[in-house]
Amino acid sequence: MTKRYAVVLAAGQGTRMKSKLYKVLHPVAGRPMVKHVIDQINTVKLDEIVTVVGFGADMVKEQIGDESKFVIQEEQLGTGHAVLQAEDLLKENEGTTLVVCGDTPLITSETYQALFDHHEQTGAKATVLTAKAPNPYGYGRVIRNAVDEVERIVEQKDATEKELLVDEINTGTYCFDNQALFQALQNVSNDNAQGEYYLPDVIEILQKQGDKVSAFMTASFEETLGVNDRIALAEAEKTMKQRINEKHLRNGVAIIDPDNTYIEPDVEIEPDTIIHPGTILKGDTVIKGNAEIGPHSEVTNCYVGNGTVIKQSVAIDSKIGNHVKIGPFAHIRPESSIGDQAKVGNFVEIKKTDLAEKSKVSHLSYIGDAKVGSNVNIGCGTITVNYDGKHKYLTTIEDDAFIGCNSNLIAPVTVGKGSYVAAGSTITKDVPEDSLSVARARQTNKEGYASKIKNRQKD
């Protein structure tokens, strides 16, 4: 079997992005563009990937990690010059080399596979991935000869008026016979409007020496989008969102309004889940079947159990069990665990807390750094006072306890199994099992005193 390699071009700064962030690191669906490229070409089972880095090299390397080898392009002298930086790693190898830009996040693994297969089946020395562009302005044009073979590729600034009328464009992605590629790169000149070494010039060099040059046209121009500015970045984001949502719809997920639902690529959703408008699902989130998320909820890096409902709420880095009800307007902060059939209601914040099965925090409460048992009822306005200004402490509420409204539990403190805390209490000491704890001042009524206050205000 023919060996396969890839060279990923990721050295550009991307000045048109108007950003301090290097171009290939701009995210599409929450993932850097260049990472999308690496992920897709990895599915083709390559023998080696070499990424050409320049601006922001360390940051690009950090995102890609050990999935690629790296070479540095110290000066930005064009795409041909960039590929030449991989010469020492690849030039002696036999096989096929894919060259792809790190700012093309939408090309799918299926297209890469088809390009490789076409190139190897035709026996070409080079194969260009092309597409028909509705508006080809700015793209290199694919110029074919009388027998419909690729003769050369001409850049926009170097094209004649006749050549500018051609709508078949070079997508910037190629397959080459590896040794032919590096031999031809030695003859590429920078005699052009930009003074750069263009990789497409390799096509003309190969053609003139009698080598076969082929083209594989993808049916989707949209897929080949190169992201060079914020407008193209937004287009790529829209396309990726539609692609991801369509996958989930085909897998049995009900997305009520796909245009207003944002799901990142690593999210897993089981069939019969309902996703309402305004929902954002991010990171390594897993949502089991029959759940209902939204409207207007954000879930990041969470496990969400079967039949759970999350409405108008935010959940981050937490585990949420089966048949849980969350919201509206709840906030599940990191390192929390919500047990089966629990409830986290209106304007409740949960932080670094284990809330066991069938327990309820229904209204206007903050439960942080806590371990809450099963069948616990926490009344409206309850706060676990976990921070003394220097350290944070644990509050423990054991099974079947009842915490009255407007209670403060000053950690570290334990409320024993089956105990009651009276409404309005500030608990500073442990409450034994099966006890009633009342911690509030005795009420005093001063009759007629309200009139004195009113008269004082008039004065």
Side-chain angles (χ1 to χ4, degrees), residues 6-12 14 16-17 19 21-44 46 49 51-52 60 63-64 67-68 79 98-118 127-140 142 167-175 199 215-251 255 258-259 261-267 281-282:
V7 176
V8 180
L9 306 183
R16 281 182 282 173
M17 300 296 289
S19 173
L21 185 64
Y22 303 106
K23 180 170 72 168
V24 299
L25 296 180
H26 280 268
V28 173
R31 183 182 295 172
M33 284 191 283
V34 70
K35 191 65 168 61
H36 280 289
V37 175
I38 296 291
D39 290 346
Q40 292 301 311
I41 63 177
N42 260 330
T43 63
V44 186
L46 302 174
I49 299 173
T51 301
V52 183
V60 176
Q63 287 295 330
I64 296 174
E67 296 183 77
S68 172
T79 52
L98 171 75
V99 179
V100 59
C101 295
D103 63 358
T104 54
L106 300 177
I107 302 177
T108 64
S109 59
E110 292 80 8
T111 296
Y112 287 126
Q113 184 66 58
L115 176 62
F116 268 113
D117 292 344
H118 176 88
T127 301
V128 186
L129 181 65
T130 71
K132 289 281 189 180
N135 177 12
Y137 180 82
Y139 289 93
V142 177
D167 65 354
E168 184 179 7
I169 59 97
N170 171 24
T171 67
T173 299
Y174 314 86
C175 274
L199 180 61
F216 176 76
M217 184 183 293
T218 177
S220 172
F221 167 72
E222 186 178 66
E223 182 179 334
T224 68
L225 177 71
V227 177
N228 292 310
D229 56 27
R230 298 282 187 169
I231 296 172
L233 183 65
E235 291 175 1
E237 186 76 46
K238 180 179 179 181
T239 299
M240 186 67 74
K241 180 183 73 172
Q242 291 172 339
R243 183 183 294 175
I244 292 169
N245 288 352
E246 182 176 319
K247 179 193 74 173
H248 289 296
L249 287 164
R250 293 186 184 281
N251 288 339
I255 302 177
D259 289 339
T261 301
Y262 178 91
I263 304 173
E264 290 188 351
D266 291 329
V267 173
L281 305 176
K282 301 168 68 175

Expected output: side-chain [X] to main-chain [Y] donor-acceptor under 3.5 Å:
| X | Y | value |
| --- | --- | --- |
| His36 | Val28 | yes |
| Thr79 | Leu199 | yes |
| Thr51 | Val8 | no |

Kindly write out the residues that satisfy salt bridge (charged side-chain N to carboxylate O under 4.0 Å, His left out) with [X], not counting sequence neighbours, or none if the list is empty.
| X | answer |
| --- | --- |
| Arg31 | Asp39, Asp266 |
| Lys132 | Asp167 |
| Lys282 | Glu298 |
| Glu223 | none |

Using 0.5 Å steps for rounding, measure from the [atom1] atom of [X] to the [atom2] atom of [Y].
| X | Y | atom1 | atom2 | result |
| --- | --- | --- | --- | --- |
| Ile169 | Thr130 | CD1 | OG1 | 7.5 Å |
| Met17 | Leu233 | CE | CG | 4.5 Å |
| Leu115 | Leu129 | CG | CG | 5.5 Å |
| His248 | Leu281 | NE2 | CG | 8.0 Å |
| Asn42 | Lys35 | CG | NZ | 8.0 Å |
| Lys23 | Met33 | NZ | CE | 6.5 Å |

Under the side-chain hydrogen bond (donor to acceptor under 3.5 Å, both in side chains) rule, collect the residues that match up with [X], sequence neighbours excluded.
| X | value |
| --- | --- |
| Gln113 | Asp117 |
| Thr261 | none |
| Thr171 | none |
| Thr173 | none |

Leu98 versus Cys175, closest heavy-atom pair with distance: CD1-SG, 4.2 Å
- prompt: Which pair of heavy atoms, one from Ile255 and one from Asn245, lies closest together, and at what distance?
  reply: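 Ile255 and Asn245 have their closest heavy atoms at CD1-O, 3.7 Å.
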Using the ring-ring contact (aromatic ring centres under 6.0 Å, His included) criterion, which residues pair with [X]? Sequence neighbours excluded.
| X | value |
| --- | --- |
| Phe216 | His118 |
| Tyr112 | none |
| Tyr139 | Phe221 |

query: Can you list every salt bridge (Lys or Arg N to Asp or Glu O under 4.0 Å) pair that touches residues 224-250, not counting sequence neighbours?
result: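 Those involving residues 224-250 are Glu246-Arg250.
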